[in-house]
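Working notes, beginning with the structure itself.
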Amino acid sequence: MRIGCRLHDDAVDGQPRSPASRYRLATRRALLAVLALLLLAVILPPRSQAFILPEGNGVVFAFEDNGDGTITDLNTGLTWQQADDGVTRGWAAACTYCTQLRLNGYTDWRAPSPLELATTRSYFGSPIPAHFFPTTKSSGYWTDAKSYVIGRDNFSYYLNTATNAIDDAVYNDALFYIRCVRGPALTPQFSGYTDSATGLSWNIPSPAYSYNNAVSAWNTYYSSQWRMPTPHQLLTLRALSLTSDLSGGYWANTTYNGQPWSFVPKKGHLLYQNSNTSIYTDSVYAYLAMVQGGPSCSFALSKNSQAAGAGSGDYSVFITSGGAGTCNWSAYSDSAWARIDAGTTGTGSGQVLVHVDANASANPRSASFNIAGKTYTLNQSGYVPASLAVAITPAAAVTAGARWRMDGGAWQTSGTMFGSVADGEHTIEFNQVGSWTTPQSQTITATPGQAFQLTGDYAAQLAVNILPQAAATAGAKWRVDGGSWQQPGAYVSALSAGQHTLEFSAVPGWKTPAAQAVTFQAGQPQTLAGTYRKIVPNLGLLQLLLNN
């Protein structure tokens, strides 16, 4: 029995499909879907997303050097080819070069749009872009855009790095450089006069002004709520011009060589007028465009400068961020001897850790850092080696021959100074002198600029000899103030100045010397003697007994 036609693919000619047929159909559909996605990935432009434009309302450039020949822009999310290949090309060849570029395993490189390329340039004199793109030539760099002007199909936009102007004043076969980019396209998303991609809202009053009058009007009527736009922000008006009736030119909030920047959305020109400044600022008219919204950033450093010793060391700088929205920043130094160990990029408040190498020169030096768009200077002193002087006391010990030396070197007299002591650990020792107690060795750790003043205090000793030698051999000893018994010729140190009692031990067959009262003077060693006498038997009594 025939079931009839269905409105989907489960039946053909009124006959039910077999399970195998349904499987083949599902497989074919899946393959077609994959092919469609691949085709869309090739023909569609890169996806867009929210992005932050630099140099407006306190926003600073925030680049990160990936260390692989690429630079990532934290504000836009774009990754850039750090150095162009040094080859000039026509416009079409330049675009092809980027699509065929294979760098760090990525195949989605492309030529940048005029807005994207402009975000690698400063219109306010910031040194940050030049640090991260140091090989940029003073020439032209192509963008991906053909001229927007009707009848100029053979012209395309380029950025003049000598001035940062964007124009279509050359034919497509002109030879310029190209810097490739990858990542989501910077595409403004206007709804009315609000751009959701940048968070900026626009206000464009109808009167046209000369530049000076535009600034005056903004200060008088609008400055409490609106800002004049930066050149980067003005470039987004190209997208607005596609949905709104924007004609003429629009002023930016800055100048180049005293001449104001302006943007003509319908033509895509970001220009300064290369003519007499007073004529351009007073007699040429353009519209006053104004913005509000977007991130508002401010940054303060915990210190703008810092002193560093000549030795290697680590230092820190704290960043305090204010404002609203996402406030990215980067930090770097062009110094060869001072580097950032941590905190090369950040968002909001943060910390930068700086390491400096030892300065082997006697000359001081300075390193400059750019941290969140602000200058931090580290001033390192010149290398001054450590010095060492050793005094020996008391003078009587010096007279007796007391000396000192460093690290087993030659013996030195009291007061000798070493004016250049190498960095590191050193041992100071003292020689043995007669009846003096030798000071303990001392250890110093020398660092640049340190001045060591050491003292070696010799202590006077009391020495006591036993006479005759036979008594000493028989075991005679001596002691002071009831202390430990000492061997003949031994020394006792650390005696206080004043009177002490010297006594001697009893020895069989010997008459013990009487105890002595000794007056000891600090710093004056003394050597005394105790004389024992041999006990002799009474021979007269013995002779009487023998005679009887």
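If you're wondering where the values come from, they're calculated on a predicted model, not measured in any experiment.
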Check: Salt-bridged, Arg110 to Asp108, with N to O below 4.0 Å?
Finding: no
Next item on the list: Might you confirm whether atom CD of Gln432 has over 12 heavy atoms from other residues, nucleotides or ligands at distances under 6.0 Å?
Entry: no
Checklist line | More than 12 heavy atoms from other groups under 6.0 Å of CZ on Phe124 | finding: yes
Check: About how many Å separate CE of Met406 and CD of Gln442, when rounded to the nearest 0.5 Å?
Finding: 13.5 Å
Notebook entry, point to check: Where is the tightest heavy-atom contact between Trp109 and Gln81, given as atom of each residue plus distance?
Noted result: CZ3-N, 3.8 Å
Next item on the list: First locate atom OG1 of Thr143, then atom CD of Glu116, and finally report the distance between them rounded to the nearest 0.5 Å.
Entry: 9.5 Å
Next item on the list: Please state whether the rings of Phe418 and Trp404 are parallel, tilted or perpendicular, taking 30° and 60° as the class boundaries.
Entry: tilted
Check: Hey, are Asp84 and Tyr141 close enough side-chain-wise for a donor-acceptor pair under 3.5 Å?
Finding: yes
Checklist line | Flag for Thr194-Ser201: side-chain donor and acceptor within less than 3.5 Å | finding: yes
Next item on the list: State, to 0.1 Å, how close Trp251 and Pro260 come at their nearest heavy-atom pair, and which atoms those are.
Entry: CZ3-CG, 3.8 Å
Next item on the list: Compute the centroid of each ring, for Tyr332 and then for Phe132, and state whether the two points are separated by less than 6.0 Å.
Entry: yes
Next item on the list: Give a yes-or-no answer on whether the side chains of Ser210 and Asn212 include a donor-acceptor pair shorter than 3.5 Å.
Entry: no
Note to self: Within this structure, what is the CZ-CG distance for the pair Phe61 and Asp73, rounded to the nearest 0.5 Å?
What the structure shows: 8.5 Å
